[in-house]
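Presented below is the structure to which this report refers.
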Protein chains: 2
Amino acid sequence: MIEVPTRERLITEAMRLFCEQGYRATSVAQIEAAAGLAPGSGALYHHFKSKEALLDAGIDRQLDRRQSMRDIRMLFRGVGDLRTDLTLLGRYLTAVIDEEQQFLTIAANGPGSQSPRLTTAYAALLHGLHADLAELTGNWGPNIPADEVEAISVVGINALLGNRVSILLGAHKQSISDDRFLSEWTKMLSCRIEKATTPDS
Amino acid sequence: MIEVPTRERLITEAMRLFCEQGYRATSVAQIEAAAGLAPGSGALYHHFKSKEALLDAGIDRQLDRRQSMRDIRMLFRGVGDLRTDLTLLGRYLTAVIDEEQQFLTIAANGPGSQSPRLTTAYAALLHGLHADLAELTGNWGPNIPADEVEAISVVGINALLGNRVSILLGAHKQSISDDRFLSEWTKMLSCRIEKATTPDS
DNA sequence: GTCTATACGCCGATAGAC
DNA sequence: GTCTATCGGCGTATAGAC
């Protein structure tokens, strides 16, 4: 039986609540209550200087997790045909976006410009996703121009991102299952890459 | 010289501020100041019962605009080849999402579950976009199974949505121009639809 | 319809006992 | 480290003069 430190519990519950209700809408008392402390007591301030410092700590923890996921992903690169590679990468990218969903929700309308840390972290996230898909596209379509590779990867990443966002906004009805979505995503991209490799037959 | 009624100015400025800073972060005083009234005075409450009633009024106005755009779009259906139709629809869908961007930002982390009106309006928006693309896909690929048509349209819509969202979140760097994006989006979808029409040659 | 003034509540943060 | 108690500030909403 391991005791989770209060500081960690505060970060976990805070990020969950920020994600659900937004940064401003979540009060310090609520976070304390969720972490098992007396709501309204300033107990939180013995671990963090301010509410925003707590958010920064949450961002840093998320950044570490992302790096871990990226390390693991390197083990599964380039083993198989185009569709298999695309499917594996698609699963990885979806998992990353899911893991960072808290980010996205908070960044969408959190402190916004008040917290440059958020926009920086988000830009780095998108850049990484984009680079991964662009690398795969370039490997399987060696004679595709660089700017076309870029366009393909942007559309591909944004499709995944949009799918997650639409779910996030409560569009459960018209969305399809993850498996079907990823299957179609793979089909569409492989179709495009294959056709670009053989321009006219 | 037409005098814009105070009520309309209040709605316009409120939606703009909600979009920039979020619903909760925007104070009534700020809205009053933006509309040319004395900040802090309750002048706003002579036009709206509460701050949330103001948001509802903004939502209703947006719904009317959407209906207008939809009426216009009906004039441009099904004239040309697959790519032309896709490009026209893509421009229309992008325009709709842009017009509703205020929605998206507010819905992403506004009152959330507090305001069922927002989620309803957003679900209706996505449903309309999805139906448009599904209809086009079905028309140009008559022998594609219905569930495949659905998957294609979901991926297509989410790509557009994700593109707008990523811009919205401040990812100006890795994003490409609208023209290049729409061009690639058209290529990818037409490629997919054409291939599905002729399964194996 | 718009103003000044104000009531009331909630939240972030601090002080000090234990 | 956690508690009780509290200060100061901001935000919504109202009352009443003009």
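Here is how names work: the chains are called A, B, and so on, in the same order as the sequence lines, proteins then strands, and each is numbered from 1. In this text, all values refer to a predicted model and were calculated from it rather than measured experimentally.
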### Task
Please report, rounded to the nearest Å, how far the C1' atom of dT14(C) is from the NE2 atom of His46(A).
9 Å
### Query
Rounded to the nearest Å, what distance is computed from the CD atom of residue Gln30(A) to the C1' atom of nucleotide dC11(C)?
11 Å
### Per Lys51(A) side chain, nearest of listed nucleotides dG12(C), dT2(C), dT2(D)
dG12(C)
### Sugar-phosphate only, base, or nothing, as touched by Ser41(A) at under 4.0 Å among non-hydrogen atoms
base
### Task
Whole angstrom is fine here: how far is it from CD in Glu32(A) over to P in dG1(D)?
15 Å
### Query
Nearest to the side chain of Ala43(B), which nucleotide is it out of dA13(D), dA13(C), dC3(C)?
dC3(C)
### Task
Before accepting this row, confirm whether a basic side-chain N of the pair Arg192(A)/Glu148(A) lies closer than 4.0 Å to the acidic partner's carboxylate O.
yes
#### Entry: Donor on one side chain, acceptor on other, Ser68(B) and Asp71(B), under 3.5 Å
no
### Query
Which part of the nucleic acid, if any, lies within reach of Leu37(A) when heavy atoms closer than 4.0 Å are counted: base, sugar-phosphate only, or nothing?
sugar-phosphate
### Task
Let me know the distance between OH of Tyr45(B) and C1' of dG16(D), rounded to the nearest Å.
17 Å
### Task
May I have the distance from Glu52(B) (atom CD) to dG11(D) (atom P), rounded to whole angstrom?
18 Å
### Separation of dG12(C) P from Leu17(A) CG (nearest whole Å)
12 Å
### Task
To the nearest Å, give me how far apart NE2 (His47(A)) and P (dC3(D)) are.
10 Å
### Message
Please report the distance, rounded to the nearest Å, between CZ in Phe48(B) and C1' in dT14(D).
### Response
18 Å
### Message
For Arg91(B), is the CZ atom crowded, meaning more than 12 foreign heavy atoms sit under 6.0 Å from it?
### Response
no
### Task
For the pair Arg65(A) and Glu99(A), find out whether any cationic side-chain nitrogen is under 4.0 Å from an anionic carboxylate oxygen.
yes
### Thr6(A) side-chain N/O to dT2(D) phosphate OP1/OP2 under 4.0 Å
yes
